[in-house]
There are 2 protein chains.
Amino acid sequence: MKMTPAVEKYVLHWGEMGTRWGTNRTVAQIQALLYLSPKPLRADEIVDLLSVARSNVSTSIRELQSHGLVRMTHMLGDRRDYFESLHDVWELFRVIIEQRKQKELNPTLAMLKGCAAEVESDTETDAVTKDRIRNMLQFVESTSNWYEQVSQIPTSTLTKIMALGAKITKLVK
Amino acid sequence: MKMTPAVEKYVLHWGEMGTRWGTNRTVAQIQALLYLSPKPLRADEIVDLLSVARSNVSTSIRELQSHGLVRMTHMLGDRRDYFESLHDVWELFRVIIEQRKQKELNPTLAMLKGCAAEVESDTETDAVTKDRIRNMLQFVESTSNWYEQVSQIPTSTLTKIMALGAKITKLVK
DNA sequence: CCCTTGTTTCTGTCGAGACTGAAATTACGC
DNA sequence: GCGTAATTTCAGTCTCGACAGAAACAAGGG
C-alpha cells in the first residue's frame, strides 16, 4: 500500500466525514485505508501510513471489527494479524446505516412511544402538543418499518429501483 | 407552553440527537420546543423553559432560521419577536436532509471526482485501489442523483411508496 | 523458563466547540 | 433626540472526547 496523493486525499476526507457520522477520525481513516488497500494491512503498517499511535490503531481496529466492517486475516508462516475492510460498497453502507439505526432511530422510537403513551392520560399537556408528538412518532415508525424491509432487498434489485429515480411514481399509480 | 414531563423528555432526547446530526444541543432543543409548542414563543420564554443563556438562544434561533426550520412571527401591538417551527414532519426532514446533502454528500462527491480524475494518469496508484475509488464514486453519484429526484416527489406519493415497503420489488419486475 | 515480538490498557495532555454573561448595538415610544 | 427594552456580539470558561506514550499483558520460540 502506497500513500499516493489520491489515496491521501481520500483518507483525509473520509476521516472528516467520520467525525460527522458518529465515529472518530482515526477509525474512519483506517477504514478508508483498508478499503483502498489492494492487500490486507498489519497494524504497524497503518501506524506508518497514517502517523498515529499504535494504541490508537489497536482501539480503532477493534471498533471496526465489532461493527463488522473489518475482518482479520492471516498469512502462512506469519503470526501477525492482517486486516482488510469490506470491499462491497453497498454492503459497507448497509452495515453503517444499520449501526446508526440501532444507535439513533431505535432509541428515538422508544422515546416517542414513551411520550405518546404518557400523554394519553395527561391533562397537563396541550392537545396540540400531543398531536405533534403522535405525528412525529408515526413518521419515525414508518421510516423504521420501511428501512427494515428495504434493507432486505438484494443489492441488484435496489440498484434497479434507484436507477428508476422519480419514475417510480408512475409504477405506483 | 408548559414543560410537562413528556415535553421535557422529548426536548432532551432531541437535543442529544442533534449533537449526532451535526448541530449543537441547544439548537436542537429549541427546534424541538418550537415544534411541540401550540403557540409561537418569544426568545425569553425559551430562556426560561430550557434554562440556557439568552445569547445562546439568539444564536441558535438565527441558525434555525437560516436553515428554514424556524420562522419569525409577530403579534398585533407587540413588537417582540415570536418564533415557530415548521410543523409538517415530512417537510422538516426534507429540510434537514437537504442540509446534510449540501454539507456532506456534495463535498464527498467533489473529492471522489477529483480522486478519480487524478488516478486516470497515475502510475503510482495500484490498479485495485483505482477501482475501489471508482466504485465508491459510482455509489455516491447514484445515491446523490436518486435523492435529487426523490426529494421532488410530493409527500402524499412518498408515503404511499413507503407503505409498499419491500413490495416495491414486485412492481419493478 | 526467559526473551522477543506483538497487542492492549490506562493515564495525562490537548484542542475544538458549546455555552455564559457582560458589553455593545439596535429599534422604538415618547 | 432621550430613555428604555430587546437583541446581538464577543471574549473568556468549561467540558468532552480524541490521541499519544508508557506500562502492562499475551503468545510463541528457543
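Treat the numbers as computed from the prediction; the structure is a model and nothing was measured. Lettering of chains follows the sequences in order, A, B, ..., and the numbering in each one begins at 1.
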How would you label the contact of A:D81 with the nucleic acid (heavy atoms, under 4.0 Å): base, sugar-phosphate, or nothing?
sugar-phosphate
Mind listing the N/O atom pairs, protein and nucleotides 24-28 of chain D, below 3.5 Å?
none

- Message: Angle between ring planes, B:F139 versus A:W90, binned at 30° and 60°: parallel, tilted or perpendicular?
- Response: perpendicular
- Task: For A:L109 and A:L137, run side chain to side chain contact (heavy atoms under 4.5 Å, CB included): C-alpha distance rounded to whole Å, both residues' side-chain angles, the deciding distance at 0.1 Å, then the answer.
- Result: CA-CA 7 Å; A:L109 203 46; A:L137 170 57; 4.0 Å; yes
- Query: Please walk me through it: do B:Y35 and B:V89 pass side chain to side chain contact (heavy atoms under 4.5 Å, CB included)?
  - Reply: CA-CA 9 Å; B:Y35 169 75; B:V89 185; 3.4 Å; yes
Here the distance between atom C1' of D:dG17 and atom CD of A:E63, to the nearest Å, is 12 Å
Between B:K9 and A:E118 (salt bridge meaning N to carboxylate O under 4.0 Å), is one present in this structure? yes
* Do the side chains of B:R132 and A:H87 get nearer than 4.5 Å, heavy atoms only? -> yes
Whole-Å distance, B:D48 CG to D:dA6 P, equals 13 Å
Do any N or O atoms of the protein come closer than 3.5 Å to N or O atoms of nucleotides 9-14 of chain D, and which pairs are they?
unit_1	atom_1	unit_2	atom_2	d
D:dT9	OP2	B:R62	NH2	2.1

For A:Y82, the hydrophobic cluster (side chain heavy atoms closer than 4.5 Å, chained through members) also holds A:M75
Separation of D:dA18 atom P from A:L50 atom CG, nearest Å, is 16 Å
Is any side-chain nitrogen or oxygen of B:R54 closer than 4.0 Å to OP1 or OP2 of D:dT7?
yes
Bounded by its outermost nucleotides with an atom under 4.0 Å from a heavy atom of chain B, the footprint on DNA chain C reads C:dA18 to C:dC28
Without placing hydrogens or testing angles, list every side-chain donor-acceptor pair under 3.5 Å for residues 61-68 of chain B, not counting sequence neighbours.
unit_1	atom_1	unit_2	atom_2	d
B:S66	OG	B:E63	O	2.8

Partner of A:I96 under side chain to side chain contact (heavy atoms under 4.5 Å, CB included), picked from A:L86, A:L69, A:T23, is A:L69
d(B:L92 CG, A:N135 CG) to nearest 0.5 Å is 11.0 Å
Thinking salt bridges, do A:K2 and A:E8 make one under a 4.0 Å N-O criterion?
no
query: Do B:I168 and A:I153 come close enough that some side-chain heavy atom pair is under 4.5 Å?
result: yes
ask   = Could B:K130 and B:E124 be called an ion pair, given the rule that one side-chain N must be under 4.0 Å from one carboxylate O?
value = no
Task: SB check B:E98 B:K101 (cutoff 4.0 Å) - done: no
Whole-Å distance, A:I30 CD1 to D:dA18 P, equals 13 Å
To the nearest angstrom, the CG-P distance between B:N24 and D:dT15 comes to 17 Å
Note: contacts of residues 9-18 of chain B with DNA chain D (heavy atom, under 4.0 Å) are none
**Prompt:** Which part of the nucleic acid, if any, lies within reach of B:S51 when heavy atoms closer than 4.0 Å are counted: base, sugar-phosphate only, or nothing?
**Reply:** sugar-phosphate
